[in-house]
Amino acid sequence: MNREPVTSLKGIGEKTGGLFRRLGVETVEDLIHNYPRAYDAYEPALPIGQAKEGKVCTICGQLVKEAALRQFKNMQIVVTAVKDLTGSMQLAWYNMPYLRTTLQMGKILVFRGRVVRKGNRLAMEQPEVFTPESYGEISGSLRPVYGQTKGLGNKAIAKAVAQALKSREVETEYLPERLRKKYRLVEYPCAIEKIHFPANQEEMLGARKRLVFDEFLFFLLAVGLWKEKRQDWKSRYPMGPVRELECFQKNLPYDLTGAQKNVLAEVQEDLASGAVMNRLIQGDVGSGKTVIAVMALLQTAFHGYQGAMMAPTEVLAKQHFQSIQELFASQGIEKRVVLVTGSMTAREKRLVYEQIARHEADIIIGTHALIQEKVVYDKLALVITDEQHRFGVGQREALGQKGARPHVLVMSATPIPRTLAIILYGDLDISVVDQMPAGRTPIKNCVVDTGYRDRAYRFIEKEVAAGGQAYVICPMVEESEMMDAENVLDYTKQLRKKLPPGIRVEYLHGKMKGREKNQVMEQFASGEIQVLVSTTVVEVGVNVPNATVMMIENAERFGLAQLHQLRGRVGRGERQSYCIMVDSSGEEDTRKRLDILNRSNDGFYIASEDLKLRGPGDIFGQRQSGDLAFQLADIFTDADLLKAVSEEARRLREEDPLLEKEGHRALKQKLEEYLGLSYEKLSL
Ligand code: ADP
Ligand code: MG
């Protein structure tokens, strides 16, 4: 293992090192494990007339304009245009003024990038530039595409990776020969090299299979250890039923569904059992998981203990906080609820931490700030994580260690079939909320092309006039987060012009400060803002029942499960809701895929249908399972392998619980690295 910093590589100084750090890469080892996010097949150039909006294309033509430099806000934009016999295309680059020397009028060059629409013309933003000769050399090969950050482009990353691979000591194989043979896995050193630089698709898939196998194996061995470790933990906080909770339930503005009642009963049984609860509540978006969590927290508070709930985003944490406060106020419940988020000032944080430490807070809601070391709890008996797939197992552990083995409740809307859930959450008991609250009007869906936009805006206008609200999810540009924000801003500006002045349109994106985000979200929730233009930051968990329209631009770029999550933001109240998916691809396949959402509102079904439509070449496209603990593996695409590995992990632990046998030593060492702990310590 090479734990030297990346700056030990040639040509990487402090500055570039800092940029790598932003990608989560500190050491040479990290760099080697920073796998490509996708691969580009460098295809032959297309006639410009055949370039399609929304697609990455390669074109070759003559520059017909002197490259010009424009200033837009704090950005310098180089613009020019290229032409061939079939058409012309605008070209633009952000903050790369030096390109002007390459882009001389009359030159014939090759450009490769995503085609976008600018007004009524097609354009490419940030295309790669090649001479026809240099493109000829790479044409037909696969190139890695890495996650990038401003100032650190793909070429530079690939170059650093190549150097890192060269400088590394050859690692030995650690998987038992038996497993490698049985599953036809390539050797580890080879897999690492080929995952970055495969000669072709076959090599790439072979390398990927090996690495996915390892990811599953280590994860499942770890889950097995955790399960064993906490199997018989006695709880210091056994909690029997409390009368106040029955009152609370009776006074809710609705009756719990049968499924909610069942799950609540399971949770309460766990809490009273004397053992430490470790339970996952799975339920589709809108199935009403929050109220179950709130009741568990309330029960904890009535027993005189503290309970905490973590959400993956500040927006969601804040929303939970507010709705719990309102709920308690309306029922005259005097338990104290506090909020802890990363965007609070140091002073605010200190005050809340004091309240928590002195047990002046009964229920603590927050983001991952809750697991920061400074928070000291008093009798922390219950920890809930909402939408847990966004939290790593390690984080769960860290929070768990804050108390004397608190009860753990994990809530997730990720549509995972039960067979897989049992494997992945092997250390948790599983409850399913498999019923929707009554009285929901099913969402009406449509998939439309970009020509429908104006009608969609008129429709939003009408809905707002009738008292509703709308989300518009903006085209996301993956290439750079900076452009993501620009898109949302531009779109908002345009939309304001298209809607009457009485309608307030605001925006939300991931680069905004926590405080700003909260403010916008609050104003949207209270109805002061009627139309919210947003990136996918609203995807998870947010609840504004008055919103009736979800319009999704560039729907073709999302995975179906993600679209389903987005759609789940509407249809939460009694009014009829609508989901308008704008498909900019104009392709038959995309239409077919999006049509699945038209037909079904069932998250499990949607995810499995999506899988059927995707071939092995799409594995690096949309990952359905969010960011479980895996870098490469996708639990849907790799479901069969996951099942097989689960079987192997079980067998390994049965045969050789401490991995002491001769053939398992190397594996044990690797697993310890993965766990960051000694295997023996964990398995005791
Ligand atoms: P999710 O399971 O996606 O977290 P929420 O807990 O946010 O869903 O619930 C969605 C909405 O449904 C909320 O407005 C909530 O108040 C409401 N709700 C929850 N349970 C019921 C029920 N039994 N009957 C009617 N509405 C309910
Ligand atoms: Mg929720």
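Excluded from the calculations below are hydrogen atoms, water molecules and symmetry mates; all remaining heavy atoms, backbone and side chain alike, are included. Because the structure is a prediction, the values reported are computed rather than measured. All ligand and atom numbering here is 1-based and tracks the order in the structure.
Scanning for salt bridge (charged side-chain N to carboxylate O under 4.0 Å, His left out) contacts around Glu522 gives Lys318, with sequence neighbours left out. By the salt bridge (charged side-chain N to carboxylate O under 4.0 Å, His left out) test, Arg599 pairs with no residue at all, sequence neighbours left out.
Put simply, the side chain of Arg496 gets close to the backbone of Val505: a donor and an acceptor are under 3.5 Å apart. Within the 3.5 Å criterion, the main-chain N or O of Glu246 finds no donor-acceptor partner in the side chain of Gln249. With hydrogens and angles disregarded, no donor-acceptor distance shorter than 3.5 Å links the side chain of Ser600 to the backbone of Ile596.
For ligand 1, the atoms sitting less than 4.0 Å from at least one non-hydrogen atom of Asp255 are 22 (C), 23 (N), 24 (N), numbered in the order shown with element in parentheses. For ligand 1 and Thr257, the ligand atoms under 4.0 Å from any heavy atom of the residue are 23 (N). Contact atoms of ligand 1 toward Leu256: 23 (N) (distance under 4.0 Å to a heavy atom of the residue).
Neither the backbone nor the side chain of Met411 has a heavy atom within less than 4.0 Å of ligand 1. Contacts of Asp386 with ligand 1, taken as heavy-atom pairs under 4.0 Å, are absent altogether. At a 4.0 Å heavy-atom cut-off, ligand 1 touches Thr290 through backbone and side chain alike.
Ligand 1 has no nitrogen or oxygen under 3.5 angstrom from a nitrogen or oxygen of Pro437. Residue Gly286 has at least one N or O atom closer than 3.5 Å to an N or O atom of ligand 1.
Nearest-heavy-atom check against atom 8 (O) of ligand 1 across Ala438, Gly288, Ser323, Pro545 picks out Gly288. With distances taken over non-hydrogen atoms, the option nearest atom 2 (O) of ligand 1 out of Gln282, Gln319, Arg569, Lys289 is Lys289.
A salt bridge is absent between Arg515 and Glu314: the closest approach of a Lys/Arg side-chain nitrogen to an acidic carboxylate oxygen does not fall below 4.0 angstrom. Using a cutoff of 4.0 Å between basic side-chain nitrogens and carboxylate oxygens, Glu506 and Lys517 are not scored as salt-bridged.
In this structure, Tyr507 has its ring center no closer than 6.0 Å to that of Tyr491.
Residue contacts with ligand 1: Gly283 is excluded, as none of its non-hydrogen atoms falls under 4.0 Å.
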